[in-house]
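Following: one structure in structure tokens, then a few remarks.
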Amino acid sequence: MNGPLSLATIVVALVLGVWYLVRCALDKRPTNTDLWAMLGLGVLVVVLVVVAIAGLLTGDRPSDTTTFVGYLITTVAFAPVGVYLARLEPTRWGTLILGVAALTLPVLVLRLQQIAEVTSG
Amino acid sequence: MAEQPTPTQTRPRDAAIGSGLGRVLLLVYGIFALSASARALVQITTHFSEAPLAYLLSAFAGLVYIAATVGLAIGGTRGRGIALVSCSIELLGVLIVGTLSIADAVAFPDDTVWSHYGSGYGYVPLVLPFIGLWWLWRNRPAKESTAQAG
């Protein structure tokens with residue numbers, strides 16, 4: 001849970017998030033590239049979550065497995081939901097929706113790391 | 001840019017769901033409604049006896065966020081009322097619980113969204129009620145007769 005994949009996800013999400021905020025400030029609605037970029041981030045997150053699930057099945061389980069699984073589901077759903085909502089709102093605010101979604105993802109990944117660190121042993 | 005269809009008059013003018021910025025606000029409120037309620041649900045179902053006060057507070061916070069989200073979304077007299085009450089409770093909650101969680105750590109051994117002024121959530125819980133109240137103020141019903149179309 002704590003490897004380069006998490007770090008890559010966090011960095012990509014932050015960069016995209018800042019990009020979307022700038023685009024919103026410039027009064028730009030989400031372009032197709034913006035939406036695809038978000039879906040790309042979503043794919044990265046899916047890989048991360050699959051790795052985490054594999055870890056759940058084989059390695060040490062976090063002591064708070066329920067919360068961990070809850071966070072996994074939320075995390076994997078975030079980018080697609082963001083894209084879906086942004087498509088419903090083809091204005092600058094759609095871009096802000098993508099920004100909020102992109103900036104929430106690093107928080108979710110960090111929380112997943114925290115929860116994963118506490119193992120029942 | 002793109003031609004917007006004229007919004008239908010079926011929903012109140014100040015309903016947050018009817019405007020782009022309002023939808024972003026609802027998204028953020030929705031995220032907090034979800035995270036606070038989900039956290040409370042896990043805490044209460046798995047280890048309630050460890051810190052009943054904190055967990056009940058979590059659940060209460062979750063309900064307040066849900067109420068605020070719904071109130072802001074529907075707008076109108078009733079929506080505004082619900083949103084005003086819940087945003088005010090939120091503001092008081094984050095200030096009171098934030099202070100208590102620092103002053104009396106024994107009563108709050110486990111975190112809620114409002115503990116330490118929402119520091120566990122990037123202080124967004126501290127900012128959010130202000131934004132909600134600002135939204136209500138910005139969309140307050142016009143007292144004087146202005147040139148605004150009804």
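In what follows, chains carry the letters A, B, and so on, assigned in the order in which the sequence lines appear, proteins first and then strands, with residues in each chain numbered from 1. Quick caveat: nothing in here was measured; it's all calculated off a predicted structure.
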Starting from V127(B), can I reach L21(A) by hopping between I/L/V/M/F/W/Y residues whose side chains sit under 4.5 Å apart? yes
Supply the atom-to-atom distance Q43(B) CD to D64(A) CG, rounded to the nearest 0.5 angstrom. 9.0 Å
Say whether L44(A) and I73(A) are linked into one hydrophobic cluster, either directly or through other cluster members, by side-chain heavy-atom distances under 4.5 angstrom. yes
Treating Ile, Leu, Val, Met, Phe, Trp and Tyr as nodes and any side-chain heavy-atom pair under 4.5 angstrom as an edge, say whether L7(A) and L14(A) lie in one connected cluster. no
So for atom CZ, which belongs to F48(B), do other residues, nucleotides or ligands contribute more than 12 heavy atoms lying within a distance under 6.0 Å? yes
May I ask you to list the residues in residues 21-37 of chain B that approach chain A closer than 4.5 angstrom, counting heavy atoms only, ordered by number? L21(B), R23(B), V24(B), L27(B), V28(B), I31(B), L34(B)
Can V12(A) be reached from L48(A) by stepping across I, L, V, M, F, W or Y side chains whose heavy atoms are under 4.5 Å apart? yes
Do you know which of L96(A), V107(A), T104(A) has the most heavy-atom pairs with chain B at a distance under 4.5 angstrom? L96(A)
Linking I/L/V/M/F/W/Y whenever any side-chain heavy atoms sit under 4.5 Å apart, do V81(A) and W93(A) land together? yes
